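I have placed the structure first, in the form of structure tokens, so that the comments after it can refer back to it.
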Amino acid sequence: MVRIFSSNFMIPKVVFVTLMAAQGGPNMGVCVEEVLQLPILKDAKVKTGLFQRRVDWISVIETPVENFVRDHEFVLSTGIGCKEDVDALEEYVKDVIYSRASVIAFAMGRYMYKIPDRILKLAEENQVVMVEIPWEVRFGDILQDVLRLLHQKKDKEQQYAEEIRQELVNCVLNGKGLQDIADILYHHTGIPNAVSDCNQQIRSTRNFDRYFIDVLNGRKQEQARLEGPSIVSDHPLSRSVDHFQIGRESCYQLTIQSNNKTQGYLLFKPKTTDMLTWFAFHILEHALTACALYFVKENAIEMTEIRLKENFLLNLAKQKTGVDKRMLSKASLLGYDLDKPYLCLTGVFEFVSSAEDDFLSFTHQDSTFHNQHYAIKKEVIYAGAVLGRTVMTTFDEQKMIIFLETDGIKSEEAANQFLDLVERRLHERVADIKTYWGISVHKEEMYAFHKSYEEAAIALSIGEQQYPEGGRTFFSDTRMNRLLMALSHKSEINDIVKETLKPLIDYDQKRQTELIHTFTVYNQHNCNVSQTARALNLHRQSLLHRLRNIEHLTGLSLLESDDLFLMELSVRLWLMKKVDI
């Protein structure tokens, strides 16, 4: 306790003692009535109404007050700075009221003998409890007993908060969900709340107005303004709160994080900011931890399920696995039905320049599976759902494998319909993407999935070589290419191809011409000079000059069917890169 006495009545500039109720920050406090029921204050007289105010700490403050009084404080004073000056006393009381104190207690009998009526009226109007304390009661004894009461309350609150923390953690560990967390949070704080995932999809609510959710998610015309800090609290969590102003209403948001990734958001809307006590922030903090634990657990389960599905599909495609009862049962556990007929598609994707970054930006950046493969798989699964077809898909390194359900519609038609939708969705996200597809129809045999995959992979390989700008290749259309691939393993064939094309390749590299491309287009147009010239955007005489060069360099005549066939065979094998020259 500090008391100031001065024989010549020199008023000190500032005399105060401030004692925190708890080390490390304020707590929920105790109500004024509990404090006034302490034995040390049995002779105290309450001069105003016993308003429902709380006490967070206690201090001794004399004039001037300045900024030495904090919210919900029990202020002790001797009135030494005011004495019989009612105006000075009124200014002192106003300053304390402005600091949002809960109680002003004056020691009566030395500097003050009666609290003026106008001062009592001022306190009554501002719902501040005014108390008279006998001069004989030492401030030190009051401070000691009030602090003891606050510490006891703090210990109870800490024990209570720990019980709530354990309740929230057990809620997740015992397999309960986000709705249970929201219910527990509301039960202990009375604050309406909602939990959303990182995609801003609401996963649970408790007494939270859906209108505010729709505004925050942009589904209403009204705008949510992000305001500056508005919560007066020393709790560290308060600095992480986002404050949204929606009309005249306020809504608050905390980010749920784990491993430096945003997992979701905790929305809460107290009736008044007074509900956001130190204790309430403790519970909000525990709720954040529980939500983060839930999302980590959910993601771990999802990742495990994805890996199981991917391993199953890779084994189905790449191993000679028969579809027996055991496989059917295992597939059923993973949500697959292998009794249906499926065609197989394999695909690869090439992004031009920064297109890959643009593509990834359309996915949610905080997703646990934020990567290119996951984003593409989402579009594939979506396309299957739109068409009402079962889709089983995975990636083998950079190659996508899809088993697409087929039915009475022709397999090629079903595949094209499906890929049209997938590619349209992909190109809506990013224009600069090239897609290559190999497609094999359903097989009625023991190792149907493995056989279909092998054929689709062959078709993809051929398509990548034939269509540099991307495209679709059906295995059924690759008979000529497969024949050429078989021939390419013969050493004699390789020698013939080298002997035929090397002069053309050397000439093209030296003169920067396109003789091989010219022959390819000429052959595609059935040796029609006029059509070939138009296709190549060349003058007829220029084309004829190129054709004569080809004949001269190869020693072949393009008018002879055998020579023409040899040229076509050589060019095809070389373009397939089955022969190195």
Side-chain angles (χ1 to χ4, degrees), residues 18 20-22 24-36 48-59 65 67-75 93-104 122-131 146 149-150 153-154 156-158 160-161 164 182 184-194 206-209 212 227-254 266-288:
T18 301
M20 296 289 288
N27 60 9
M28 188 175 179
V30 296
C31 67
V32 171
E33 191 172 357
E34 286 183 82
V35 176
L36 294 177
T48 58
L50 265 177
F51 305 109
Q52 294 299 314
R53 304 292 296 272
R54 76 171 194 265
V55 175
D56 286 344
W57 52 71
I58 184 169
S59 64
V65 176
N67 64 340
F68 297 111
V69 177
R70 302 177 70 178
D71 291 2
H72 310 297
E73 192 163 328
F74 190 115
V75 177
V93 171
K94 283 181 178 180
D95 289 344
V96 174
I97 291 172
Y98 179 77
S99 300
R100 300 182 65 180
S102 297
V103 181
I104 306 175
L122 178 64
E124 191 84 36
E125 289 174 348
N126 290 276
Q127 296 188 350
V128 173
V129 179
M130 191 75 74
V131 179
V146 172
L149 177 64
L150 289 171
K153 186 65 178 289
K154 179 193 173 187
K156 290 180 180 178
E157 289 171 0
Q158 286 182 334
Y160 183 41
I164 297 172
I184 292 171
L185 175 59
Y186 181 80
H187 174 72
H188 292 294
T189 64
I191 299 175
N193 65 87
R206 181 58 195 269
N207 287 26
F208 197 92
D209 193 335
F212 296 105
E227 302 288 344
S230 65
I231 300 173
V232 181
S233 175
D234 288 333
H235 196 286
L237 188 63
S238 65
R239 294 190 287 272
S240 302
V241 175
D242 292 324
H243 173 208
F244 293 98
Q245 191 71 30
I246 303 172
R248 296 183 178 180
E249 301 284 342
S250 288
C251 177
Y252 303 93
Q253 176 179 282
L254 285 165
L266 173 60
L267 303 168
F268 56 101
K269 189 177 183 302
K271 293 180 181 177
T272 66
T273 55
D274 286 339
M275 296 180 71
L276 297 175
T277 62
W278 185 272
F279 175 78
F281 271 117
H282 261 325
I283 306 307
L284 284 167
E285 191 171 32
H286 294 328
L288 276 181

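Quantities reported herein were computed from a predicted structural model and do not represent experimental measurements.
- Closest heavy-atom contact between L266 and A287: CD2-CB, 4.4 Å.
- A donor-acceptor pair is defined here as one N or O able to donate and one able to accept, closer than 3.5 Å; no such pair exists between the side chain of R206 and the backbone of I184.
- Between the CG atom in D71 and the OG1 atom in T277 there is a gap of 12.5 Å [rounded to 0.5 Å].
- Rounded to the nearest 0.5 Å, atoms CG (L185) and CD1 (I283) are 8.0 Å apart.
- Closest approach of F51 and E124 over heavy atoms only: CZ-OE2, 3.2 Å.
- The distance from the NE2 atom of H286 to the CD1 atom of I164 is 7.5 Å, given to the nearest 0.5 Å.
- For the pair D209/E249, no side-chain contact is recorded, criterion being any heavy-atom separation below 4.5 Å from C-beta on.
- Using a 4.0 Å cut-off between a side-chain N of Lys or Arg and a carboxylate O of Asp or Glu, D274 and R100 qualify as a salt bridge.
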Discussion item. Run V35 and V103 through side-chain contact (heavy atoms from CB on, under 4.5 Å) and show every step you take.
Written reply: CA-CA 10 Å; V35 176; V103 181; over 6 Å; no

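- Judged by distance alone, the side chain of E34 and the main-chain N or O of L36 form no donor-acceptor pair under 3.5 Å.
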Worksheet item: Could you go step by step and tell me if F212 and F244 meet the side-chain contact (heavy atoms from CB on, under 4.5 Å) rule?
Response: CA-CA 10 Å; F212 296 105; F244 293 98; over 6 Å; no

Practice prompt. Output, in order, the C-alpha distance, side-chain angles, deciding distance and verdict of side-chain contact (heavy atoms from CB on, under 4.5 Å) for H235 and L284.
Written response: CA-CA 11 Å; H235 196 286; L284 284 167; over 6 Å; no

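- With V32 as the fixed residue, the side chain to side chain contact (heavy atoms under 4.5 Å, CB included) test singles out one of V131, V128, V129: V129.
- The two atoms that bring V69 and A101 nearest to each other are CG1-CB, 3.9 Å, heavy atoms only.
- For the pair Y186/P192, a side-chain contact is recorded, criterion being any heavy-atom separation below 4.5 Å from C-beta on.
- R53 approaches Q127 most closely through the heavy-atom pair NH1-O, 2.7 Å.
- One finds the NE2 atom of H282 at 14.0 Å from the OG1 atom of T189 (value rounded to the nearest 0.5 Å).
- Taking the six-membered ring for Trp, H188 and F279 have ring centres at least 6.0 Å apart.
- In terms of heavy-atom proximity, L276 sits nearest to F281 at O-CE1, 3.7 Å.
- Here the OG1-CD distance, from T48 to E125, works out to 12.0 Å after rounding to the nearest 0.5 Å.
- Considering all non-hydrogen atoms of both residues, F268 and Q253 come closest at CE2-N, 4.1 Å.
- Contact check for V30 versus F74: no side-chain heavy atoms found under the 4.5 Å cut-off.
- H72 contributes atom NE2, which lies 13.5 Å from atom SG of C31 (distance to the nearest 0.5 angstrom).
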